[in-house]
Chemist: 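Structure below; questions to follow.
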Amino acid sequence: MNRNECRHCHQWEPNPDDTYCSGCGRLLLLLELDPPRVTLISTIAPSKELRLRNDSPRLMRVSIEPRDGVTVPGVIFDPGTALEIVPHAELRVRVTVDAQRLPPGFQHVAEYVCIVDGDARKQRVLTLDVRSGPMPKLLTATLDFEHVEEGKSVERTLQLTNLGSTPLRIKSVRAEGPPQLRVDGEYGDRLVRKGETLSIPILWQTASHESAVQEAAVRIDFANHPDGMVVKAMAQTFRYRLLLEPSFLRFSQALSKRSYTSSVRVENQGTADVEITSIESDSSWMTIVTRAARFTLLSPESTVTRTTSPTTFPRAFEFKVVCSPRDLPEGKHRGAVTVRPHGQDPLLLPVELTVVKPREYGDYIGIDFGTTNSVVAVRSDRDKSGLALVRDGMSGKELIPSVLVFDDPESYKIGEAARNEADTAPDRTVRSIKRVMGYERTRTFFDRSYSAAELASLIILRLVQLAEERLHADSGNGAYYSVRKAIITVPANFHDLQIRDVLEACAAAGLDTQEERAQRAEARQNDSPGATINAGIILDEPSAAALYYLDFLRRTRSSAGITEAIARAQGLKMLVFDYGGGTLDVAVAGVTQVSGGGTGLRILANLGDNGVGGDEIDVLVMKELLRRCKHELSKFDLDTTLVAGTFSDFERRREVEGWSDDVRRDLLRVRAQWKDLAEQAKIRIAEKKQTAIDVRPDLLVRITRGRIEQAPRGVKIQPLSADVVNNLLQPVLARCEELIRSALALAGVRPDEVDYILHTGRQSLLPQIRTCVREVFPDLEDSRDLLEEEHLKVCVAKGAALYGAMRERLVAPSARVLLLSDGRRLPHSYGVETFTNPVEPEFDEVIERGAQYPIERTKHYPPEMIPASGYLHLKFYQNTGTGRSIVGNPHVSLIGQISIDTAGRAGCEVTFAIGVNRTLRVFANGSPVTIEPARLHEAESWMG
Amino acid sequence: MRPQLIIECGGRVLSALLVTADGELVPCSQEIRQVATRYVSADVLFEPRVIQDRDFIWRDALETLSKSSAADFFQRARRIGLRRPWDAQASVGALQLRSPWTVLSSPAALTDRVAGSILPGVGLALLDALLDAAFAFVTERGYLPGDVDPVIVLPAQTGSRARLVVRKLVRRRGFRGLTIVRREIAAAMSLANRRPCTCIVVETSETDLHLYRVEIDGDARRPRFRTTVSATIPGLGWNHWSAQIAWALGTSPSAAFERSLTTLLSGSPDSLPQSLTHGVLQRVLDATWMSAHSVRERLQEHLDRLGGEKLPMILAGEIFMIDAVRRLFGSSTTVAPAIDHLLRNVAAAMRSPFLVAAGGSLRVNTLHGEAVELLAFPQLPAPGEAGLVDSDFRLGGDCAAGTPLLVQLQWGADQAPEGNTTLCAVPLELRGQEHLRLSVHLRRTNSGRRLNGTLEVRMPPDVVVGRARFAEELEMER
């Protein structure tokens, strides 16, 4: 357009001073705007220049305004929106958009107007297309790879989105820092459209473990965005290494009647703690025993810093694999144990079990099942006595402590190993179980309740296993044996119920109790009284000792002299003084020749006391030591009753005072250690090697507010003088003498008629005890008071084995000693309760004390004694004394009761039979009746 | 840093973690049957034969229990047939009772006058006994309860009465300042370091499967967690999976089998002989089993609604310890933490301040498997202000006079009633009308974190026929 020409009417030379055409009168705007449309893109083209030209001859005032009054955010005009343009001149205006003020994804086309001289009619339109440019936004603030295992990689996703309104072009995505960080894929030149989210996999791949947290970054640069972006990445690498030791379990030659236990150690050799979620077996013959269900195995590094808890273990953990091939056929069996760590592959432990069925051992073994120690003897050709002793697996000694410690619900140990552990685990320990056999006492271990017979059976089972090992070792041909035949000894005055428990324990331990054989023998005995008894597995301890000594004397002393003594009319008389850990037994034995050759042994009297065993001496010594400690610790209120009190008092106090399990366990440990201390002191008294006793402060305790408090210091106790020991033992010594004299009286033997005193039981080693015994026999030569430590402890077991061997006729007839039935005498009387006064029933003796057994007595109950119901109820008692009163009489104890249906018959014949095992059986009108056994009621004692 | 005791009560087992002043994590353990264990079954079993005794009176039995101490609770409870799974007397036929927090959160417990008066006491005594070992673990380590910050993780559906009982218990034990964390939040805390992010938490209750969309944001110093929406898939809970596994093993689903499964997955002791092993499950729950039990289709619909298809998924709960079940739900982004990892998440989160923001809305249980929204969260009164909402409802079905109706007001973000917390319930007897009006008076505390209110149920002609009060914590800041 010519500037002098009206664009509407094309008239020439309009009035230059006016904005209206002089020809047509229309508006002439002499403002040029170039360009009229501007596109602004933040970050890419955020600024553009406008040219405004004033073609008029006068000054022009121009204001730039949004048409609808709404400004576009972030749009700036430079030098401003109010402009003055000189005539025929051009003004440059820069339009810029501030990316920071632009909302994400902004895209807007706005119309601005350039109004001339404030006259709204005079305007030029400026179209502004404003867009936010590509606007990257990270959706991932940091890349935390957490724990990355050595040799493995962990992937995280880095998310990026474009909040701008134009596509975002990525120039590069690269990892910065350690080489472990890697971008998975190529992202150069990649476009991210508006609103799109791009996921970029980032890997952290470790080759080797670094202890510290490693840091790195991922950098993203853009082709069309000026600012690059950095995402921090971090990872803690760790080494995972879990090992099983051993890596393979093999049980070769596994005997089918036994269980095999092996410890397996799982060790964390990595650098991170590992959580074990389960340990399990895949076979029914394999059981896993652990002391923690799920647990954390600390790495060697964190072991230093972290404390442990009951389910957090430093570095390694041991569990047990118990294999019981009982029901498996002979041959190889395979299984596996699986250890499952959380988040890792399981570890497998292959297990191979080769099952062997052992041969039945034809001979008897002898078991002296003692209160404190047990001894087992087997036949052996290697020893000139024909007997060998089984040795404890740990100590190698023939005395095997009768201590049982449960390791876990599935496994336990006995013997020296158990005794060593007993002090630290009193709540899992069984001591002196023989003492509570027959009593109403159960103990709970691992939430399973055990009767005394069951606990005894566990010990006997192990004793038998030790014997089998000995037989295997002695066999010379590698043969394995299964022992089913054994002679087990019991104290002379063992109660019927106690013997029943022993028999039950033997049966549970897999021994043949030979019930049928015993019954046959009893029947024969009835037909021909006086014959030898060749049945029963129970043997009185004094009888066993007498058998052994007799054999020993014949082999080692003047055989002729012994034979001569035996050949006398009155025979050879021996007093067997058996003072063991739990019981004191005294027996008088007579040895004579029997018709048909051989030697016969008769027990003429057999008496005992279960209340004055060696344990009681220990308690007496313990009380004296405690008394001295209390005296020494005058400022510390030592609570001696915690240690010296009876077990039932201890438990009562626990209930009343609400001690925690830990407190109870610790106190039991203290009690057990005091018992050991007292026993050691007793042994030193016996050995005459007394020294001062150091009592540690942790054994000197009291309870304050439910917690155990120790004495501030230990105490040194000077050796006990002979007078003190004499005084302490006075009640025991008196009882010893009383029993000896009673036994002699019962046997009808004068002290001067006794040829030998045979000591068995370790309490005889106490000089006070031995002196006491000797004083009853002032005329006896010292050489005939046989107290040799070598025999003292083992003579009973050997005697039992000898008895078994003789029964099986393995011994030459001349050397055979026959245990004559008329020499077996009952230490108690047996009877029933009288009907005359139901309030104060009396003991009605049926079988008298001292009677030979097996024995049968029949009692007739006439119709008038049968109740109207037709049921005859009878209670059986055993009487160790002579009194007839039942109620409140400590000598009379209930064996059991029966209920007989007389079925309308007139009266009833009740037969009481004491069998070869010295247990009572009852027959009503010739038919056996089941006895409902009672339990003995325990007197208050220290033992738990 | 103050030591913390963090207890998880949300699942089938109870577990606790002691965080020492040095920040060390010591799992609380106890010895049961001579085996140290971290997880103990929360189950309380019941021998039904006890109630066959004519002299047995429930109310007396419950009153006896409410007076028990933690030490003698289960001794007394044995007399009325309650057992722990590891009790020697817990027979195969023992029934499983519902957890105390479930019972206390049930609408029945809110409305039954007899139960309402006794249950809190029994619940308190039972919880005390259940958690006794955890509290004892703290004191045995020489900490005084007053010096330890307690934190308890509870299921999202736990009602205010149950929470009140928990608070009371913790106070009674000498602890102060209890923090209650919802279970899905505790699970989501594992992703706190990756914020801002959103995840889906999947957890199982006894009967149902719950999905939660949890958003994690906040500034660098204080993360913020918020459950924006949740969904419930009925019948896909623990019982379902337990039954499926039992059938796969060729056995019948039973309480005894569930006990075995709990023992296997958690190590919690049980008196029943345990023959179930992970190896056995691996053999039985094979590809064939998995193909027959795909849950992806059922899950998909809900995931779509939660916008969770591509979000990281956290599987929380004992059942997900089974590889095969985990894989049924799984995707590449699935995380299935070990049971006590919830506790570890909470322990890590407790090191800095955090906020559990309000989410959900006021809802009414239609009793037809739906919880309709009455008031969305943004519509609640502003902090310090009060408001009133009136809503008219038309009753469907049998509206004959005498028909009982339990009106339940809920709080939550779930369309299914099972996924929400019941705030209050009003038992009614219909009088033949087909309409009722619910008036909810609301007051929000000045902090805005707590909502108190009263529900009034009106029937024509505008007669108030029932009223109940409620209170709900909307936000939790630490």
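Chain naming here is simple, since letters A, B, ... match the order of the sequence lines and numbering starts at 1 in each. Please read these numbers as outputs of a predicted model, since none were measured by experiment.
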Chemist: With rounding to the nearest 0.5 angstrom, report the CD to CG distance, B:E31 to A:D662.
Modeler: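 So the CD of B:E31 and the CG of A:D662 are separated by 8.0 Å.
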
Chemist: Side chain, backbone, both or neither: which part of A:S281 has an atom under 4.5 Å from a heavy atom of chain B?
Modeler: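 Backbone only.
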
Chemist: Please state whether the side chain, the backbone, both or neither of A:L139 comes within less than 4.5 Å of a heavy atom of chain B.
Modeler: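 The backbone, not the side chain.
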
Chemist: Taking it one step at a time, do B:M321 and A:H342 satisfy side-chain contact (heavy atoms from CB on, under 4.5 Å)?
Modeler: CA-CA 9 Å; B:M321 300 301 290; A:H342 178 72; 4.2 Å; yes

Chemist: Just by distance, with hydrogens left out, do A:T296 and B:R38 show a side-chain donor and acceptor under 3.5 Å apart?
Modeler: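 A donor-acceptor contact under 3.5 Å links the two side chains.
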
Chemist: Hey, what do you get for CD (B:E24) to OG1 (A:T312), rounding to the nearest 0.5 Å?
Modeler: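 It is 8.5 Å, given to the nearest 0.5 Å.
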
Chemist: Could you tell me the separation between the CD atom of B:Q30 and the OG1 atom of A:T311, rounded to the nearest 0.5 Å?
Modeler: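 So the CD of B:Q30 and the OG1 of A:T311 are separated by 10.5 Å.
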
Chemist: Of all heavy-atom pairs between A:P310 and B:S29, which one has the smallest distance, and what is that distance?
Modeler: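 Closest pair (atom of A:P310, atom of B:S29, distance): CB-CB, 3.8 Å.
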
Chemist: Could you check whether any side-chain N or O of A:R294 sits under 3.5 Å from a backbone N or O of B:Y39, counting only pairs where one atom can act as donor and the other as acceptor?
Modeler: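 The answer is no, because no donor-acceptor pair under 3.5 Å joins these two groups.
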
Chemist: Using non-hydrogen atoms only, which part of A:R428 is less than 4.5 Å away from chain B: side chain, backbone, both, or neither?
Modeler: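 Contact with chain B involves the side chain of A:R428 alone.
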
Chemist: Checking heavy atoms, do the side chain of A:S278, its backbone, both or neither come under 4.5 Å from chain B?
Modeler: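 It is the side chain, since no backbone atom gets that close.
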
Chemist: For each of B:A136, B:A36, B:C197, tally heavy-atom pairs with chain A at distances under 4.5 Å, and name the one with the top tally.
Modeler: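 Highest number of pairs under 4.5 Å: B:A36.
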
Chemist: Any non-hydrogen side-chain atom of A:E280 less than 4.5 Å from a side-chain atom of B:L264?
Modeler: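 A:E280 vs B:L264: side chains touch.
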
Chemist: Would you name the heavy atoms of B:V35 and A:A293 that are closest together and state the gap between them?
Modeler: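 Taking every non-hydrogen atom into account, CG1-N, 3.5 Å.
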
